[in-house]
Novice: 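Below: one structure in structure tokens.
Keep in mind it's a predicted model, so treat the numbers as computed, not measured. Every chain is numbered from 1 and lettered A, B, ... according to where its sequence line falls, protein lines coming before strand lines. The basis for the numbers below is simple: all heavy atoms, side chains too, and nothing from hydrogens, waters or symmetry mates.
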There are 2 protein chains.
Amino acid sequence: MRRADTIASEIEEAILTGEFADGDRLDEHRLADRFGVSRTPVREALLKLAQSGLVEHAPRRGVFVRHPGPVELIEMFEVMAEIEALCGRLAARRISDAALDELRAANARCRAALGRGDADAYYAENEGFHRIVYRESGNGFLASEAGRLHRRLQPFRRLQLRARGRMAQSMAEHEAVVDALAAGDAERAAAALRGHVAVQGEKFHDLMAGLRRAAL
Amino acid sequence: MRRADTIASEIEEAILTGEFADGDRLDEHRLADRFGVSRTPVREALLKLAQSGLVEHAPRRGVFVRHPGPVELIEMFEVMAEIEALCGRLAARRISDAALDELRAANARCRAALGRGDADAYYAENEGFHRIVYRESGNGFLASEAGRLHRRLQPFRRLQLRARGRMAQSMAEHEAVVDALAAGDAERAAAALRGHVAVQGEKFHDLMAGLRRAAL
DNA sequence: GCTGAACTTCTTGTATACAAAATGATTGAC
DNA sequence: GTCAATCATTTTGTATACAAGAAGTTCAGC
């Protein structure tokens with residue numbers, strides 16, 4: 001793999017884990033030293049991150065970490081919910097029996113992780129579940145766009161899932177999704193996924209509380 | 001503006017106008033000579049285009065022009081239709097009277113361009129119309145994503161609109177959109193925009209015919 | 001004491017030089 | 001004559017050097 005790509009991943013990781021705070025300027029020299037490379041691959045990495053929206057590139061000024069605020073987060077979740085709903089609607093018509101089994105297996109692993117209280121494993125399996133739905137939409141472009149957004153929102157989903165009882169509720173929603181897909185009911189699958197992802201009611205407050213705690 | 005950005009725009013232009021055909025390798029040296037700069041800004045431009053999906057970057061091999069095939073085009077239009085439908089659904093509730101007037105004015109300019117047979121002006125005004133709808137969704141993230149996709153599909157919309165009578169039909173659909181938005185009818189606005197953008201029935205054949213002609 | 005302008009310094013943007021890898025050609029063996 | 005292996009060439013990826021612009025500082029003037 002190109003150094004520039006691995007560097008991009010590592011910077012992304014550092015931003016998402018909070019090592020770089022909102023508004024921080026990412027100095028090319030410092031990053032080059034940190035990774036033991038020259039500025040060239042660092043620049044490529046930063047430009048790539050700028051395109052993904054994780055940082056902002058101000059010409060001749062530098063690149064700055066740009067954490068989404070509450071408004072932008074709500075906006076992104078609103079879009080994500082509709083994208084997932086679309087995946088569900090299409091998948092309900094196109095999904096294969098084998099994929100349905102994959103979903104059930106992913107759900108079983110989710111439930112096991114939940115039982116063990118293993119949050120990390122839960123998040124990983126949860127992501128796997130959603131990626132299967134994306135793929136089974138039968139629309140490769142849609143699947144890749146959905147994956148991109150999912151990845152971008154992943155850390156914020158985690159914030160939201162920290163609230164008491166949310167993980168169990170999330171599990172139940174997954175099963176409703178599988179039921180609707182198995183029944184081939186496009187509108188029910190769409191509604192189940194939209195409701196699962198949308199940030200509304202209690203979930204809104206959970207997310208805001210998570211944001212405030214993360215800001216500390 | 002940075003040289004790298006202007007170069008990216010120019011390469012993009014060259015790809016969309018067909019100067020670079022599908023599968024062509026974009027040589028950094030040649031491009032650097034062509035634009036009278038070094039390889040550095042050319043590389044930045046190519047990496048940027050790779051992220052937007054216009055070219056494919058094969059590590060250690062080079063970047064290759066990657067025109068979407070029929071399947072990928074249909075997939076992208078399917079997603080675009082749903083994104084526009086979502087914009088319409090939200091805009092129906094949130095649009096301002098001033099924006100409605102903007103839409104009517106854009107439509108009037110579209111009609112004027114159609115009357116003059118000025119296809120370029122028509123495309124420009126058509127894009128303006130859609131961008132207003134995106135903006136009035138009240139969701140800034142959605143608007144920017146919609147704009148990105150619109151821009152990516154723009155040249156193929158043109159192919160499709162070449163078919164006899166399609167431009168007049170497109171105009172009529174715009175007016176149905178405005179009517180639904182003015183009435184605050186979210187579902188009708190969504191359906192009108194979905195139908196306007198979706199590639200189905202006759203439009204599918206128009207697009208394929210345009211693709212074949214463009215391939216020559 | 002404060003404001004403003006020039007200067008210094010620091011950082012980004014671009015050019016060039018070098019290293020490594022992939023492709024293609026050439027030569028030798030079968 | 002064909003196939004394979006090695007070598008040369010070409011091209012990407014990275015490092016370094018240089019140029020230009022922006023921000024902060026200092027000094028002069030009011």
Novice: Which nucleotides of nucleotides 13-19 of chain C have their base under 4.0 Å from a protein heavy atom (B), which only their sugar-phosphate (S), and which neither (-), written as one string 5' to 3'?
Specialist: BBBBB--

Novice: Take A/Leu193 and A/Leu86, measure what side chain to side chain contact (heavy atoms under 4.5 Å, CB included) needs, and give me the verdict at the end.
Specialist: CA-CA 9 Å; A/Leu193 276 160; A/Leu86 175 57; over 6 Å; no

Novice: Show me, pair by pair, the donor-acceptor contacts under 3.5 angstrom made by side chains of residues 55-62 of chain B, not counting sequence neighbours?
Specialist:
none

Novice: Who passes side-chain contact (heavy atoms from CB on, under 4.5 Å) against B/Arg104, sequence neighbours left out?
Specialist: B/Leu100, B/Asp101, B/Val178, B/Ala182

Novice: Give a yes or no on whether a salt bridge exists between A/Arg157 and A/Glu127, defined as a side-chain N under 4.0 angstrom from a carboxylate O.
Specialist: no

Novice: Which one of A/Glu28, A/Glu19, A/Glu10 satisfies the salt bridge (charged side-chain N to carboxylate O under 4.0 Å, His left out) criterion with A/Arg34?
Specialist: A/Glu19

Novice: Mind checking ring pair (Phe, Tyr, Trp, His ring centres under 6.0 Å) for B/His196 and listing every partner two or more places apart, or none if nothing turns up?
Specialist: B/His130, B/His174

Novice: Roughly how many Å is it from CG in A/Leu31 to P in C/dT11, rounded to a whole number?
Specialist: 12 Å

Novice: Distance alone, cut at 3.5 Å: any donor-acceptor contact between the side chains of A/Tyr122 and A/Ser170?
Specialist: yes

Novice: Does B/Val133 offer a backbone N or O that forms a donor-acceptor pair with the side chain of B/Ser137 under 3.5 Å?
Specialist: no

Novice: For B/Ser96 and B/Glu136, work out which heavy atoms get closest and say how close.
Specialist: N-OE1, 3.4 Å

Novice: Pairs counted only when both distances fall under 3.5 Å, Watson-Crick or G-U: show me the 5' to 3' dot-bracket for DNA chain D, [ ] for pseudoknotted crossings and | for other-strand partners.
Specialist: ||||||||||||||||||||||||||||||

Novice: Anything under 3.5 Å between a protein N or O and an N or O of nucleotides 7-10 of chain C, put it in a table, one pair a line.
Specialist:
none

Novice: Are B/Glu102 and B/Arg131 ion-paired here, with the side-chain N under 4.0 Å from a carboxylate O?
Specialist: no

